[in-house]
**Q** 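Dumping the structure here so I can ask a few things about it.
This structure is a prediction, so every number in the text was calculated from the model and none was measured.
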Amino acid sequence: MKKKILAVILLALGACLCLCAFTLDTTSSVKTLTKPYITTYECTFARFGDEDLLEKYDYLKITFLDDKQLEVSFKRRGGKKRSYTCDYSYDDKTREFQAEVGIFGFRFKQATKIENGKFTINMPVLGKPLVMRFAS
């Protein structure tokens, strides 16, 4: 009988040790566990040719709304907020997303990789290079 009681105590102690080895973050959500890239990314660097776009805008953001749609939003200094939504695709293996958005009558298609909560968009627009870096 003493051996059974000792075995139960050891099993309970082992279970407690295993449970203490894991921590549960109460602020986490299923989204952060399954699709951690779904968040808002703010533009930290933006150049169009020789022009620094961040001097002309209060903000430039890309927000992944869910696993299918994203929103591009920006506000020009002294202007109104504008936003556009579009569909995107994301490859979990390569961490690359691809989207096509229409802004002011132009269609732009871009594919880029999200690494460490950051990504860069680099493409020619109207013959000038557009380089934008985003971070979450």
Side-chain angles (χ1 to χ4, degrees):
M1 184 71 174
K2 288 183 181 178
K3 287 183 180 179
K4 287 183 180 178
I5 293 174
L6 183 61
V8 169
I9 291 172
L10 287 174
L11 281 172
L13 184 60
C16 285
L17 288 173
C18 287
L19 288 175
C20 292
F22 299 101
T23 59
L24 191 60
D25 184 6
T26 57
T27 62
S28 68
S29 66
V30 174
K31 179 181 79 170
T32 60
L33 296 173
T34 58
K35 305 278 186 194
Y37 65 90
I38 296 181
T39 188
T40 297
Y41 296 84
E42 293 201 38
C43 188
T44 59
F45 175 88
R47 292 199 72 75
F48 181 53
D50 295 331
E51 185 177 5
D52 182 0
L53 293 179
L54 293 182
E55 291 177 352
K56 295 183 175 194
Y57 289 85
D58 288 334
Y59 64 84
L60 301 160
K61 297 178 186 178
I62 293 179
T63 303
F64 289 83
L65 302 172
D66 54 32
D67 61 348
K68 294 180 182 170
Q69 278 204 316
L70 64 80
E71 177 185 65
V72 176
S73 60
F74 55 91
K75 183 177 179 284
R76 228 177 143 85
R77 296 201 183 202
K80 295 186 336 186
K81 174 190 173 188
R82 301 214 185 260
S83 63
Y84 302 90
T85 58
C86 68
D87 292 336
Y88 76 93
S89 62
Y90 182 79
D91 187 334
D92 287 320
K93 292 177 186 167
T94 63
R95 294 183 314 271
E96 183 175 271
F97 79 92
Q98 183 170 349
E100 183 175 355
V101 65
I103 300 175
F104 301 126
F106 295 98
R107 305 260 343 137
F108 301 100
K109 188 173 185 175
Q110 178 69 37
T112 191
K113 185 183 281 192
I114 299 174
E115 294 182 297
N116 301 320
K118 300 175 183 176
F119 63 89
T120 301
I121 294 174
N122 190 352
M123 60 190 293
V125 176
L126 303 172
K128 292 183 184 179
L130 173 65
V131 179
M132 300 176 82
R133 291 188 198 118
F134 291 86
S136 61

**Q** Indicate the atoms forming the closest heavy-atom contact of K81 with Y59, along with that distance.
**A** CG-OH, 3.0 Å
**Q** Taking only residues two or more places apart in sequence, or in another chain, which ones meet T120 in a side chain to side chain donor-acceptor pair (under 3.5 Å)?
**A** none
**Q** Taking all atoms of both residues into account, what is the closest heavy-atom pair of L54 and R77, and its distance?
**A** O-NH2, 3.3 Å
**Q** With rounding to the nearest 0.5 Å, note down the distance linking CG in L130 to CG in N122.
**A** 8.0 Å
**Q** Report the residues that fulfil side chain to side chain donor-acceptor pair (under 3.5 Å) with R47, sequence neighbours left out, ordered by chain and then residue number.
**A** none
**Q** Residues two or more places apart in sequence or in another chain: which of them pass side chain to side chain donor-acceptor pair (under 3.5 Å) with K75?
**A** D58
**Q** How many angstroms lie between atom SG of C43 and atom CZ of F74, to the nearest 0.5 angstrom?
**A** 12.0 Å
**Q** Who are the ring pair (Phe, Tyr, Trp, His ring centres under 6.0 Å) partners of F119, not counting sequence neighbours?
**A** Y41, F97, F134
**Q** So how far is it from Q69 CD to T63 OG1, rounded to the nearest 0.5 Å?
**A** 12.0 Å
**Q** Taking side chain to side chain contact (heavy atoms under 4.5 Å, CB included) as the test, write out the residues that go with N116, two or more places apart.
**A** none
**Q** Check whether any side-chain heavy atom of S136 lies under 4.5 Å from a side-chain heavy atom of Y37, and answer yes or no.
**A** no
**Q** For residues 113-130, which residue pairs pass the salt bridge (Lys or Arg N to Asp or Glu O under 4.0 Å) check, not counting sequence neighbours?
**A** R95-E115
**Q** Under the rule for side chain to side chain donor-acceptor pair (under 3.5 Å), what residues qualify as partners of E51, not counting sequence neighbours?
**A** K56
**Q** Identify, with sequence neighbours excluded, every residue that meets side chain to side chain contact (heavy atoms under 4.5 Å, CB included) alongside Q98.
**A** S89, K109, A111
**Q** Let me confirm one number: the NZ-CG distance from K68 to D87, rounded to the nearest 0.5 Å.
**A** 9.0 Å
**Q** Can you name the closest pair of heavy atoms from I114 and Y90 and give their distance?
**A** CD1-CE1, 4.1 Å
**Q** Roughly how far, to the nearest 0.5 Å, is SG of C86 from CG of L65?
**A** 9.0 Å
**Q** Any idea which heavy atoms bring Y88 and D67 closest together, and the distance?
**A** OH-CA, 3.3 Å
**Q** Which residues end up grouped with F45 if you chain together Ile, Leu, Val, Met, Phe, Trp and Tyr wherever their side-chain heavy atoms are less than 4.5 Å apart?
**A** V131
**Q** Return the minimal non-hydrogen interatomic distance between M132 and L60, and the atom names on each side.
**A** CE-CD1, 3.7 Å
